[in-house]
J.: 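Starting off with a structure, shown below.
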Amino acid sequence: MPDAQPPPVVDIQGLSTVFGKGRSAFAVHQHLDLQVRRGEIVSLVGGSGTGKTVLLRHILGLTRPSAGSVRVLGQPAAQLGGDGASSRVGMLFQHGALFSAFNVLDNVAFALRELGTLAPDVVRDAAMVKLRLVGLAPEHAARMPADLSGGMIKRVALARALIMDPPLLLLDEPTAGLDPNSSDDFCALLHELHAALGLTVVMVTHDLDTLYDLSTSVAVLADKHVIVKDAPRAVARFDHPFIEHFFRGARGRRALAPPPTSAAHTEDA
């Protein structure tokens, strides 16, 4: 008899999210189900107003559902709203959300320092380890956020998200605002960390190159629930107007096109 499959890292059942009351009430999610298995990199995609970021907030335990359940790492997500959130779930915000008054080291060390259980030199050493993990040199530790490039801000924010060694990492538009080369470098870094740390990742992205590069599966939010969750190329074949536009439009065809081959051309002498 085969071993039972381990429980999902994220288990959302029958989720409904309603904002407002009375006649002004509107539903963002209705009867939404989503499971994320250990080791997956799941991309959440959907049109504007489909509640992708709201879903991340549910997973973090910052927003409570109107109905249904959200369990993360085997416990109700609402219980992560205290100090558990920082140790079990890491969050990378879209624009980094670094504290402008703190230098790089203090930004990375913030959550660990706030615990108040470790000596200052231990906290500093842990933050330096995470900076090296994301490809930043020790001399970057004293820099202020205003002195960083967009790619470096993302790396510092990623180091901060990983400071408590969380098994689950949430990413909100991880490559937004980056040029193509910086975006490729950041995706390569995420690939390395996913493999090295055994992370489970849930990310919101509109960037098809990032989606195809990183995702093991894609969950599409439409009609107030997840209409399909599957491998990226399988999702692209699913019959739905949003998928037709998003995956099979001009941008989607470019993202799926094979990279151009560099052929050597010789000229007649």
Side-chain angles (χ1 to χ4, degrees), residues 41 53 56-57 59-63 80-207 210 213-214:
I41 302 178
T53 300
L56 293 185
R57 290 179 61 84
I59 295 171
L60 278 169
L62 299 177
T63 302
L80 298 174
D83 59 5
S86 60
S87 62
R88 307 197 76 195
V89 183
M91 179 72 199
L92 173 64
F93 297 95
Q94 181 173 349
H95 299 296
L98 299 182
F99 299 114
S100 60
F102 291 176
N103 65 22
V104 164
L105 181 70
D106 289 339
N107 264 283
V108 175
F110 180 79
L112 202 56
R113 187 170 286 144
E114 284 295 295
L115 287 179
T117 58
L118 297 174
D121 58 335
V122 175
V123 172
R124 182 187 183 281
D125 289 347
M128 294 298 289
V129 167
K130 289 302 187 288
L131 283 175
R132 287 194 293 271
L133 190 67
V134 300
L136 293 177
E139 55 264 29
H140 294 132
R143 290 192 185 182
M144 301 301 290
D147 301 323
L148 304 178
S149 67
M152 290 175 67
I153 287 173
K154 296 280 188 179
R155 288 173 184 259
V156 174
L158 181 58
R160 183 177 64 181
L162 295 173
I163 189 64
M164 306 291 283
D165 297 320
L168 175 63
L169 181 63
L170 306 183
L171 310 173
D172 191 3
E173 299 287 0
T175 55
L178 299 182
D179 62 69
N181 287 336
S182 295
S183 179
D184 289 346
D185 289 344
F186 197 70
C187 285
L189 173 63
L190 287 170
H191 263 307
E192 293 172 7
L193 294 177
H194 172 252
L197 303 178
L199 294 170
T200 302
V201 179
V202 179
M203 70 174 177
V204 171
T205 184
H206 288 94
D207 185 81
T210 299
D213 192 12
L214 289 175

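Residues take their numbers from the sequence shown, with the count starting at 1.
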J.: Which residues pass the side chain to side chain donor-acceptor pair (under 3.5 Å) test with Arg57, sequence neighbours left out?
T.: Thr63
J.: Is Leu105 close to Met128 at the side-chain level, that is, under 4.5 Å between some pair of heavy atoms?
T.: yes
J.: Side-chain contact, heavy-atom cut-off 4.5 Å: Arg155 with Leu148?
T.: no
J.: Which value, rounded to the nearest 0.5 Å, describes the distance between Asn103 atom CG and His140 atom NE2?
T.: 13.0 Å
J.: With sequence neighbours left out, write down each residue that passes side chain to side chain donor-acceptor pair (under 3.5 Å) with Thr210, or none if nothing qualifies.
T.: Thr175, Asp207
J.: What's the separation between atom CG in Asn107 and atom CD1 in Ile163, rounded to the nearest 0.5 Å?
T.: 11.5 Å
J.: Mind listing the closest non-hydrogen atom pair of Pro145 and Ser100 along with its distance?
T.: CD-O, 4.0 Å
J.: Mind jotting down which residue pairs meet the ring-ring contact (aromatic ring centres under 6.0 Å, His included) criterion with at least one end in residues 166-203? Sequence neighbours excluded, please.
T.: none
J.: Return the minimal non-hydrogen interatomic distance between Leu190 and Pro174, and the atom names on each side.
T.: CD1-CB, 4.5 Å
J.: Quick check: do Asp106 and Arg113 have side-chain heavy atoms less than 4.5 Å from each other?
T.: yes
J.: How long is the span from the CG atom in Leu118 to the CG atom in Leu112, to the nearest 0.5 Å?
T.: 5.0 Å
J.: Looking at every heavy atom in both Ala109 and Val123, which two are closest together, and how far apart are they?
T.: CB-CG1, 3.6 Å
J.: Looking only at heavy atoms, what is the nearest atom pair of Met91 and Ala161, with distance?
T.: O-CB, 3.5 Å
J.: Kindly indicate whether the side chain of Leu115, heavy atoms from C-beta on, has any atom under 4.5 Å from the side chain of Met164.
T.: yes
J.: Can you confirm whether Leu214 sits close enough to Met203 that some side-chain heavy atom of one is under 4.5 Å from a side-chain heavy atom of the other?
T.: yes
J.: Would you compute the distance between atom CG of Leu199 and atom CG of Leu169 and round it to the nearest 0.5 angstrom?
T.: 6.0 Å
J.: Heavy-atom distance under 4.5 Å between the side chains of Leu162 and Leu197, does that happen here?
T.: yes
J.: Report yes if the side chains of Leu158 and Leu189 come closer than 4.5 Å at any heavy-atom pair, otherwise no.
T.: yes
J.: Which heavy-atom pair separates Leu92 from Ala157 by the least distance, and what is that distance?
T.: CD1-CB, 3.1 Å
J.: Taking salt bridge (Lys or Arg N to Asp or Glu O under 4.0 Å) as the cut-off, I'd like each qualifying pair that reaches into residues 172-201, sequence neighbours left out, listed once.
T.: none
J.: Would you list the pairs meeting salt bridge (Lys or Arg N to Asp or Glu O under 4.0 Å) in which at least one residue belongs to residues 128-146, sequence neighbours left out?
T.: Lys130-Asp165
J.: Among residues two or more places apart or on two chains, list those pairs meeting ring-ring contact (aromatic ring centres under 6.0 Å, His included) that have a residue in residues 90-131.
T.: Phe99-Phe102, Phe99-Phe110
J.: Which heavy atom of Cys187 sits nearest to which heavy atom of Asp213, and what is that distance?
T.: CB-OD2, 3.2 Å
